[in-house]
Visitor: 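If you scroll down you'll find the structure; I have some questions about it.
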Amino acid sequence: MSRSSSSSVQSLAMSEENHHNCADYAELRSNMQNLAKSSGITKALQAFRLMRTAAPGKPTIYDYNSLVNCCLKSENLCSHDLSTLYSEMKTLGLSPNASTFNTFLKGLNLIGESKVALWVTIEMCNHAFTPSFTSLSTLLKKCSDSMELEDAITVLELMMGLNYIPTEPQVILLINRLSKHGMTEKATLVLYKLLDKALFYGFCKKRLFKEASNCLNKMTTNSRFYPNVRTYTTFIKCLCDNGRIQEALSLLGRMEKRGLDPDIVTYNIILRALSNQNMVHEVFDLFQTIYQKELSPDRYTATALSGLLKKGNLGIARTLLHDIFYGGSDMDIAVYNVYYCLFSGFKSKELSYVIECMIKNDIEPNNITFNTILKGFCKGKSMDEALEYFQSIKKPDLVSFNTILSASCKKGDSKMVEKVIDLMKDEGFKLNVVGFTCLMQYYCNVGKLNDCLDVFECMISQGPRPSMVTINSLMIGLCKNQELEAAYRVFCNLESYGLSSDSRTYKILMRAAKIEGNDLLVEELQRKCRGEGVKPNN
DNA sequence: TTAGGGTTAG
């Protein structure tokens with residue numbers, strides 16, 4: 001863009017007499033490009049130098065980049081050619097731009113010259129340009145592959161400096177190569193460099209709690225990699241998201257003991273977990289701590305309370321939200337979306353008041369807003385009214401469809417179920433795991449257990465893969481229909497389908513077995529529960 | 001790849 005705009009400015013300023021020069025320039029340029037592609041570097045360079053005769057200021061860095069790019073397209077390019085090209089740039093006093101370096105790097109990677117590529121990368125950084133993640137990542141792999149291990153470490157350091165995290169296979173390759181060649185110390189250095197970036201966060205993401213914990217302990221033994229508030233918070237979040245609140249709380253204690261002060265982000269994560277578990281007293285105590293520490297609750301604190309609202313603890317949620325609202329923090333659409341829940345009946349007067357507030361604060365409702373309101377309509381008696389609201393949503397998304405589908409299924413309204421599925425087909429929406437689970441619940445509600453099992457089997461063979469909610473809904477549905485034995489059969493077969501159970505699955509079956517007075521099954525379940533170690537709820 | 005937080009459906 002910049003080239004074309006500068007040349008159009010130039011051509012506007014050109015007088016009649018050097019008009020022919022302009023034609024010469026274009027011709028010379030295209031000649032240079034053709035020679036570079038086909039006739040080797042010497043002739044291409046001659047043509048390039050000839051361009052100086054076309055007009056003052058020619059050739060430009062763009063012409064030069066084009067020269068290099070065309071040379072890369074010729075077949076017999078070697079690294080000597082590239083270094084000749086680089087000297088030419090210096091000789092002519094052309095200032096390279098980011099594209100110049102990237103073009104060179106592309107060429108050097110093509111011919112596998114990792115050493116030169118590293119040199120160009122460092123030159124690029126010296127000129128205050130930032131190499132891309134991809135180019136550094138490619139270079140790291142090339143260096144490791146060609147056993148330029150010292151260079152690989154230099155690349156790794158460059159990447160870390162830019163906050164680029166190399167991919168896992170690349171790290172493994174490098175550490176492997178270093179270790180095999182007796183460079184154990186270097187391998188350890190690489191490991192430590194990555195310890196508090198890639199590795200720890202990777203463990204948390206993959207829910208490898210033990211590994212993450214060991215990693216955290218290892219970090220505390222090395223002052224250079226001492227974990228910070230963020231490190232702890234990441235782990236706390238990972239524990240909370242997997243239903244391990246007690247462990248999260250004990251980690252919070254350990255973190256404080258080590259002199260790290262949790263901030264509002266840490267507390268928001270814990271508040272959300274406590275609120276989702278309806279642990280009202282603990283939520284209240286944590287609020288006291290937050291205020292004692294003179295931290296300001298913010299929009300995230302407000303949304304963290306949504307669990308309390310869903311569980312119907314409107315009073316305390318209202319008090320806490322009120323304090324946050326008047327504490328002066330900026331609120332946004334997410335907070336309003338949570339706030340809607342306070343008006344559980346969605347009386348139109350209250351609703352329009354909230355919407356007025358939003359408009360006053362320049363906050364645009366989003367699909368989450370519409371879907372929340374839709375859910376309110378679905379709770380009402382009339383599905384027709386809900387459908388009417390649904391049809392007023394400009395761009396309903398999959399959640400909108402699932403909201404109305406779920407309500408129709410719960411109410412056993414077969415006509416509406418059919419209508420919604422037809423609507424989805426018309427609009428090009430496919431049922432996902434949530435939609436299929438709704439349908440399974442519908443079949444159980446109306447006693448069509450075979451249809452329900454058909455859907456389940458279809459999901460196993462063709463997808464979408466049943467989730468934990470799907471499995472537990474099926475268990476509940478079968479047990480409600482006095483089909484405990486069928487439920488237990490599915491339960492026993494889960495593993496062969498590549499699925500698993502969690503603590504809720506056990507609880508559902510156990511409860512049904514006790515109600516039926518099936519002592520054998522109760523014992524069997526207790527044995528399984530002890531033997532396998534039950535996974536916590538997600 | 002970019003070190004941690006929230007709101008809608010089963």
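Letters go in sequence order (proteins before strands), and every chain restarts at 1. These values consider heavy atoms only, across backbone and side chains, with no hydrogens, waters or symmetry-generated copies.
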Visitor: Using the side-chain hydrogen bond (donor to acceptor under 3.5 Å, both in side chains) criterion, which residues pair with Asn402(A)? Sequence neighbours excluded.
Guide: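 If we apply the side-chain hydrogen bond (donor to acceptor under 3.5 Å, both in side chains) test to Asn402(A), skipping adjacent residues, the hits are Asn432(A).
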Visitor: Of the candidate nucleotides dG4(B), dT7(B), dA9(B), which contains the atom at the shortest distance from the side chain of Thr266(A)?
Guide: dG4(B)
Visitor: The side chain of Ile368(A) is closest to which nucleotide in this list: dT8(B), dG6(B), dA3(B)?
Guide: dT8(B)
Visitor: Closest approach to the side chain of Thr303(A), judged atom by atom: which nucleotide of dG4(B), dA9(B), dG6(B) is it?
Guide: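 Of the options given, the side chain of Thr303(A) lies nearest dG6(B).
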Visitor: Mind checking if Lys410(A) touches a base, just sugar-phosphate, or nothing, with heavy atoms under 4.0 Å?
Guide: sugar-phosphate
Visitor: For Glu247(A), what residues pass the salt bridge (charged side-chain N to carboxylate O under 4.0 Å, His left out) criterion, not counting sequence neighbours?
Guide: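 Once residues adjacent in sequence are excluded, the partners of Glu247(A) under the salt bridge (charged side-chain N to carboxylate O under 4.0 Å, His left out) criterion are Arg244(A).
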Visitor: Check every strand shown and say whether Thr167(A) touches a base, only sugar-phosphate, or nothing at a heavy-atom separation below 4.0 Å.
Guide: nothing
Visitor: Please tell me whether Tyr232(A) and Arg254(A) have a donor and an acceptor in their side chains that are separated by less than 3.5 angstrom.
Guide: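 Judged by distance alone, the side chains do not pair up.
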Visitor: Any idea which heavy atoms bring Leu136(A) and Pro131(A) closest together, and the distance?
Guide: CG-CB, 4.1 Å
Visitor: Please state how far atom CG in Leu309(A) lies from atom P in dT8(B), giving the value in whole angstrom units.
Guide: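 Whole-Å distance recorded here is 10 Å.
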Visitor: Considering only heavy atoms, which members of residues 427-449 of chain A lie under 4.0 Å from some atom of DNA chain B?
Guide: Asn432(A), Val433(A), Val434(A), Thr437(A), Cys438(A), Gln441(A)
Visitor: Rounded to the nearest Å, what distance is computed from the CG atom of residue Asp397(A) to the P atom of nucleotide dG10(B)?
Guide: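 Spelled out: CG on Asp397(A) to P on dG10(B) is 14 Å.
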Visitor: Holding to side chain to side chain contact (heavy atoms under 4.5 Å, CB included), I want the full list of residues that pass it with Thr234(A), two or more places apart in sequence or in another chain.
Guide: Phe200(A), Tyr201(A), Cys204(A)
Visitor: State which residues pass side-chain hydrogen bond (donor to acceptor under 3.5 Å, both in side chains) with Lys237(A); sequence neighbours excluded, sorted by chain then number.
Guide: Asp241(A)
Visitor: Give me the residues of residues 126-143 of chain A where at least one heavy atom lies under 4.0 Å from an atom of DNA chain B, by number, or none.
Guide: Phe133(A)
Visitor: Suppose we screen for salt bridge (charged side-chain N to carboxylate O under 4.0 Å, His left out). Which residues come up paired with Glu256(A), at least two apart in sequence or across chains?
Guide: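 For Glu256(A) the salt bridge (charged side-chain N to carboxylate O under 4.0 Å, His left out) partners, ignoring immediate neighbours, are Lys293(A).
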Visitor: Could you tell me the separation between the CZ atom of Phe203(A) and the C1' atom of dG4(B), rounded to a whole number of Å?
Guide: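 Taking CZ of Phe203(A) and C1' of dG4(B), I get 18 Å after rounding.
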Visitor: Would you say the side-chain atoms of Ser137(A) and Gln170(A) include a donor-acceptor pair closer than 3.5 Å?
Guide: yes
Visitor: Tyr201(A) side chain: which of dA3(B), dT8(B), dG4(B) is closest?
Guide: dA3(B)
Visitor: With a 4.0 Å cut-off on heavy atoms, is Ser406(A) in touch with a base, just the backbone sugar-phosphate, or nothing at all?
Guide: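 Since only primed, P, OP1 and OP2 atoms lie under 4.0 Å of Ser406(A), the category is sugar-phosphate.
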Visitor: Tell me which nucleotide among dG4(B), dG10(B), dT7(B) gets nearest to the side chain of Ser467(A).
Guide: dG10(B)
Visitor: Determine all donor-acceptor pairs shorter than 3.5 Å in which one atom belongs to a side chain in residues 449-462 of chain A; sequence neighbours excluded.
Guide:
from: Ser461(A); atom 1: OG; to: Glu457(A); atom 2: O; distance (Å): 3.2
from: Ser461(A); atom 1: OG; to: Cys458(A); atom 2: O; distance (Å): 3.3

Visitor: Side chain of Thr470(A) only, heavy atoms from C-beta on: which candidate in dG10(B), dG6(B), dA3(B) is closest?
Guide: dG10(B)
Visitor: Of all the nucleotides listed (dG10(B), dT7(B), dA9(B)), which has the minimum atom distance to the side chain of Thr403(A)?
Guide: dA9(B)
Visitor: side-chain hydrogen bond (donor to acceptor under 3.5 Å, both in side chains) with Glu123(A): which residues, sequence neighbours excluded?
Guide: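 So Glu123(A) forms a side-chain hydrogen bond (donor to acceptor under 3.5 Å, both in side chains) with Tyr86(A).
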Visitor: Which is true for Asp332(A) with a 4.0 Å heavy-atom rule: it touches a base, it touches only sugar-phosphate, or it touches nothing?
Guide: base
Visitor: Which nucleotide in the set dA9(B), dT7(B), dG4(B) lies at the smallest distance from any side-chain heavy atom of Val229(A)?
Guide: dG4(B)
Visitor: Tell me: CZ of Arg230(A) to P of dA3(B), nearest whole Å?
Guide: 7 Å
